Structure formats: structure tokens, C-alpha cells
Amino acid sequence: MTSVQTSQLPTAEDLRGRARAALQALGCRVELGEPGAHGVHASTPITGDVLFTIPETTPEQADAAIAEAAQAFTTWRTTPAPVRGALVGRLGELLVEHKAELATLVTLEAGKITSEALGEVQEMIDICQFAVGLSRQLYGKTIASERPGHRLMETWHPLGVVGVITAFNFPVAVWSWNAAIALVCGDTLVWKPSELTPLTALACQALAERAADDVGAPRTVSRLILGGREVGERLVDDPRVALLSATGSVRMGQQVGPRVAQRFGRVLLELGGNNAAIVTPSADLELAVRAIAFSAAGTAGQRCTTLRRLIVHRSIADGLVERIVSAYRQLPIGDPSVEGTLVGPLIHERSYRDMVGALERARAEGGEVFGGERHDFGEGSFYVAPAVVRMPSQTELMHEETFAPILYVVTYDEFDEAIALNNAVPQGLSSSIFTLDMREAERFMAADGSDCGIANVNIGTSGAEIGGAFGGEKQTGGGRESGSDAWKAYMRRATNTVNYSSELPLAQGVHFG
Ligand code: NAD
């Protein structure tokens, strides 16, 4: 890949100062070790520097955190749900108060541009508000009984300790989706964030503990453990963890899913995506180009819902690709904390190598690549121009999720072919169609349309609202988080039959004695 020389980034000392100030404002008192020390490295993709080192959670400390959460569960489960909601409500208020500081940390650790980092914290606020309302709406059904003088109903009970494992690219929102819902459902939780984003996690934990103090709830309803895969494995294998909610790559899901199933624990998996958009001849192309640019190049292609495949009707493909390439050329690339930047850095060198490798393979398979060059701000950071790749057909390469801004474009002739291409990959997270033809739009959302957990019309694949259930099918793992009735995954259901008659009729007309 060629590289483009670009301007200056802030110094590591400057970024350290910003991180310290944000942590202090968030009330997070943590031992910030020297960059070279042993432990979890809090680094920044802005420059590639290690800012601080944080002590890694030892196996004994992880065990103690699970024990504390399990102990807290014994009282939290019988605390009235609206009272539990008060804790989440307070957390939401603190997030409103500290939105900017937490967003600063998200930008520092995950490299998101300021507007997206603020959006991520807003998503936390939104889910807290949703969960407060939910705390008065944990409904069970009453079902018509076949027996006279009987009442048949369902009640929902808290599940236990929820283990939460999260990915680097949504370092705070995904925790809050789980935490807000689990806490109002009466569960307690232990969180293992990505080893790449320990500072944002420490800040969230500080806010959660402050919220608990403010409403008189035990701090131990929410625990944090820090480290890599081995620390996460403590949650995977511990039978006290009733539900493991894990967000990350398909590879991670393939490792943890069977291990939790082995001990008959529950899993909620939110794994990789490989999202497509279909653009039909009737599409509003002006709107489509804007949506495509945000979905494909936003967050430097590092969203699970990033648009990675564009399936375009042959008659409009040349013009559309030209417009996307021209829109891409205008995207300001650089320091994500600077106003006006739209594309920040890749998270680390491995992501960059993956991108280079994928583009090389695409060329070898006959792909024509636009963009994709590195913007060279210095050795340790990896900034790239988003790439558009016209492919002769949808190849195996396009069945993989490369976590970088590469948008592959293929063409179709018949609508059925477009749907088949959308569904041909192993993942099933998000999808969208750009069309003004109502038949195409409805068919896309029908049973024989998109097979994904998200199927949008005339908007991109990314940027979901918290009101809907979020998640995907096939290798994306099948889990649902966030809004709608996703709360049911965090509770157990009991079916109750009450006989208020003086007879004892048996179901199905059975007579016994
Ligand atoms: P990753 O799989 O490398 O790591 C995710 C988390 O899992 C980290 O906390 C990591 O320490 C932990 N982990 C990894 N292997 C583990 C194991 N065997 N046992 C226990 N814990 C383990 O993912 P990443 O690079 O941080 O994030 C990017 C990936 O996450 C992409 O594939 C993206 O699509 C996916 N993602 C999915 C969603 C979703 O909602 N579907 C949301 C965000 C990210």
C-alpha cells in the first residue's frame, strides 16, 4: 500500500494529560503505572503509545469479584424492580453529567471521532432511560387454563450473576446495554472489558459505584475484572456465572460458546458481522451515497455493523462507484479528537496488516481498488484511507470480516440474485436496501428476504437505536441485546398453575383413581 505523508499528532504526554484529567473528573482513582510496567497496557491508537499500565486482575481477585456479585445477588433479586431501576436511573444521570469526559476516554482508547464517542455515551444514557421504564414493565402472561377454577401464568425471575465480555470497538455502550438491563432484571454482573480499553472500563465502574452509593445499593452488584483472554475465561468456566454475554469476534464466540454450554450455562453471543446493502435502480442515490459513506467508512470500518459489501444493480454500478469514490476523497482523515475529522485510526498494526492482506488478495482475484493507502503520521499509528473495491464476483474473501474500512462492490441483474448474495456469507448481523420500490423493500424484510438480525430500508447498516433488539443470526451468534424484549435473556421464566377450586381435574382429561 502506498502511504501519504500527513500532519502532526498530539504527543503522548499531551494524551496522558487528557486521560488523567478525564479520569479525575469522572471520580476514578486508579493506580496509573509507568508505560513499561507489567500489567494491562492502556494505549491509544491515536499515536500508538502506551499511556499507562494498570494492574491485571489475578485469578484470586477474579474469583473474589464473582463471589461478591453472587453474594450481592441474594439481596438484589428480591429488591423491588422499580427500586433497582433507581440505581440505573442514577447511573444515567451521572452519564449525562460526565458525557464529555467519558467520550474523551473513548476517543483516546478506541480512536473514535469525538461525535461518535459522544454518540456512544448517549447510547448509554438512552439504555439507562429505557431500563428505568422497563423496571416497571417486567410483565408475565396470564394464559387461559383448560381446567375450571385454575389460573395459568408466567412469572419472570432474576437469573443470577451475568458475566459480560466486551470488544474494543464499543468500549462503553455494550457494557451499558448489559448492565442497565441486567440490573433492573435483578441480576448482578462481572465485566471483563477488552484489554485494549481498560481506562473507559475503570471510568464506567467508578460511575456505577457512585450511583450505587447515591441510592444506597451495594457496590458489589457490578464488578470489574481487567485483563485478556485468560481473565475472560474465569467467567466462561465459573458455574456461578448464570449467563455469559460475550461480544467480539466469531473466533472468540467459537471458543466460549461450547465451554459455557458444557456446564449448561446460558450464553448471549454478539459476534462479527459482514453486512451488505443492496442498491436497486429506483434508489435515491444522493441519500444512498451519504448512508453508504457513513456505514462503510465511519469508525474507520471498525463497527460490527460496518457496511462491507455493496450489491448494486448493474445498470447503476459505474455511476454509484464513482460517487462513492469521490465522497471518500473528501473524508478528512487524522486525529479523531480534532473537530472535522471523520476517519480516525485503526486500532493497531494487526488491523492494518489484515487490511493490506485483504486488498492484496482482492487485487489477485481481479478486484479494482480505489483508496486504501496509509496516511503516515508516524510509526506507531495506523491511519488509512477507506477503500472501495470493485470485484468481478462475490468471492471467499468477501465471506470474511476484515475489521477495517474496505467496501467490496459486486453487481446483480435479478433481484433474487441480490438477496442470495446478501445471504451468502456465514455471518448475519445487519443489512439494508436502497429502493423506492415498495415490493422490493417488503420482499427484503420478508421471510425469504434478508436473513440478518437487522434489515433496514433506505438507511445504512450501522447506527442502530437502543429501542429495538440488537443482534444477528448464523455466526453472529443469535443473541439479542438492548431494547424490545431482549430483557428476557436476563431472566428465568417460571410457569405457575394455581387451582382455586375444590376439584382436582387433570390436564388432557386424564383420570387417575
Ligand atoms: P475479540 O474477539 O478479539 O475480543 C473480544 C473480547 O473477548 C475481549 O474482551 C477479549 O479479551 C475476549 N476474549 C477473546 N477470546 C476469549 C476467550 N477465549 N475467552 C474469554 N474471553 C475472550 O474482538 P475485538 O477485536 O475486541 O472486537 C472486534 C470484533 O467484535 C469484531 O468481530 C466485531 O464484529 C465484533 N463485535 C460484535 C458486536 C455485536 O454486537 N455483534 C459488537 C461489537 C464488536
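Ligands are counted one by one from 1 in listed order, and the atoms in each one are counted from 1 as well. All residue numbers in this chain count up from 1 along the given sequence. What you see is a predicted model; the values in this text were computed from it and never measured.
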Would you check if there is a donor-acceptor pair between the side chains of T57 and R234 at a distance under 3.5 Å?
no
Return yes or no for this condition: an N or O of V256 is under 3.5 Å from an N or O of ligand 1.
no
Got an N/O contact under 3.5 Å between R251 and ligand 1?
no
K192 heavy atoms within 4.0 Å reach ligand 1 at atoms 8 (C), 9 (O), 10 (C), 11 (O)
More than 12 heavy atoms of other groups within 6.0 Å of R263 CZ:
yes
Should G479 be listed as contacting ligand 1, given a heavy-atom distance under 4.0 Å as the test?
no
Number the atoms of ligand 1 from 1 as they appear, then name those within less than 4.0 Å of a heavy atom of G273, with their elements.
34 (O)
Distance to 0.1 Å, residue and atom name: give those for the protein heavy atom nearest to atom 4 (O) of ligand 1.
G248 CA, 4.6 Å
Judged by modelled atom types alone, do N178 and Y490 share a side-chain donor-acceptor pair under 3.5 Å?
yes
Please work out whether the ring planes of W191 and W175 are parallel, tilted or perpendicular, with thresholds of 30° and 60°.
parallel
Starting from atom 22 (C) of ligand 1, which protein heavy atom do you reach first, and at what distance in Å?
M252 CG, 3.7 Å
Just do the side-chain contact (heavy atoms from CB on, under 4.5 Å) check on V231 and V40 with the steps written out, would you?
CA-CA 11 Å; V231 178; V40 182; over 6 Å; no
Heavy atom of protein inside 4.0 Å of atom 32 (O) of ligand 1, strictly below
yes
Please say whether more than 12 non-hydrogen atoms of neighbouring residues, nucleotides or ligands are located less than 6.0 Å from CD in E379.
no
Criterion side chain to side chain contact (heavy atoms under 4.5 Å, CB included) against V425, the qualifying member of E401, R308, Q475, H399
H399
For ligand 1, note which part of P193 has a heavy atom under 4.0 Å away: side chain, backbone, both or neither.
backbone
Looking only at distances, can you tell me whether any N or O atom of E401, backbone or side chain, sits closer than 3.5 Å to an N or O atom of ligand 1?
yes
Is it the case that over 12 heavy atoms from other parts of the model lie below 6.0 angstrom from the CZ atom of R259?
yes
I'd like to check which ligand 1 atoms, numbered from 1 as shown, lie under 4.0 Å from a non-hydrogen atom of L271.
37 (C), 39 (C), 41 (N)
Considering both backbone and side-chain atoms of Q255, is one of its nitrogen or oxygen atoms within less than 3.5 Å of a nitrogen or oxygen in ligand 1?
yes
For the 3.5 Å polar cut-off, considering only N or O atoms, please tell me whether V250 and ligand 1 meet it.
no
Can you confirm whether the side chains of T299 and E116 place a donor and an acceptor under 3.5 Å from each other?
yes
Name the option, out of P171, C304, G163, S194, that contains the heavy atom nearest to atom 36 (N) of ligand 1.
C304
When you check the side-chain N and O atoms of S351 and Q302, is any donor under 3.5 Å from an acceptor?
no
Evaluation steps, side-chain hydrogen bond (donor to acceptor under 3.5 Å, both in side chains), between S337 and R18
CA-CA 11 Å; S337 64; R18 288 189 217 176; 3.0 Å; yes
Protein heavy-atom partner closest to atom 8 (C) of ligand 1 - residue, atom, separation in Å
T166 O, 3.3 Å
Identity and separation of the nearest protein heavy atom to atom 27 (O) of ligand 1
A167 CB, 3.3 Å
Write out the residue and atom name of the closest protein heavy atom to atom 23 (O) of ligand 1, then the distance separating them to 0.1 Å.
S249 N, 3.6 Å
Using side-chain contact (heavy atoms from CB on, under 4.5 Å), reason through L199 and I54 one step at a time and then give a plain yes or no.
CA-CA 9 Å; L199 299 181; I54 317 286; 3.7 Å; yes
How far is atom 12 (C) of ligand 1 from the closest protein heavy atom, and which atom is that?
I165 CG2, 3.7 Å
Specify the protein heavy atom at minimum distance from atom 24 (P) of ligand 1: its residue, its atom name, and the distance to 0.1 Å.
F168 CD2, 3.7 Å
For ligand 1, which is the ligand I care about here, please tell me if N169 has any N or O atom under 3.5 Å from one of the ligand's N or O atoms.
no
Hey, could you give me the CG/OG1 distance between L271 and T247, rounded to the nearest 0.5 Å?
7.5 Å
Atom 40 (O) of ligand 1: nearest protein contact (heavy atom, Å)
F470 CE2, 3.1 Å
Quick note on ligand 1: atoms under 4.0 Å from a heavy atom of F403 include exactly 28 (C), 31 (C), 33 (C), 34 (O)
Within the structure, does T247 bring an N/O atom to less than 3.5 angstrom of an N/O atom in ligand 1?
no
Would you say the side chains of S450 and S431 form a donor-acceptor pair under 3.5 Å?
yes
If you measure from each non-hydrogen atom of E195 to ligand 1, which part falls under 4.0 Å: side chain, backbone, both or neither?
side chain
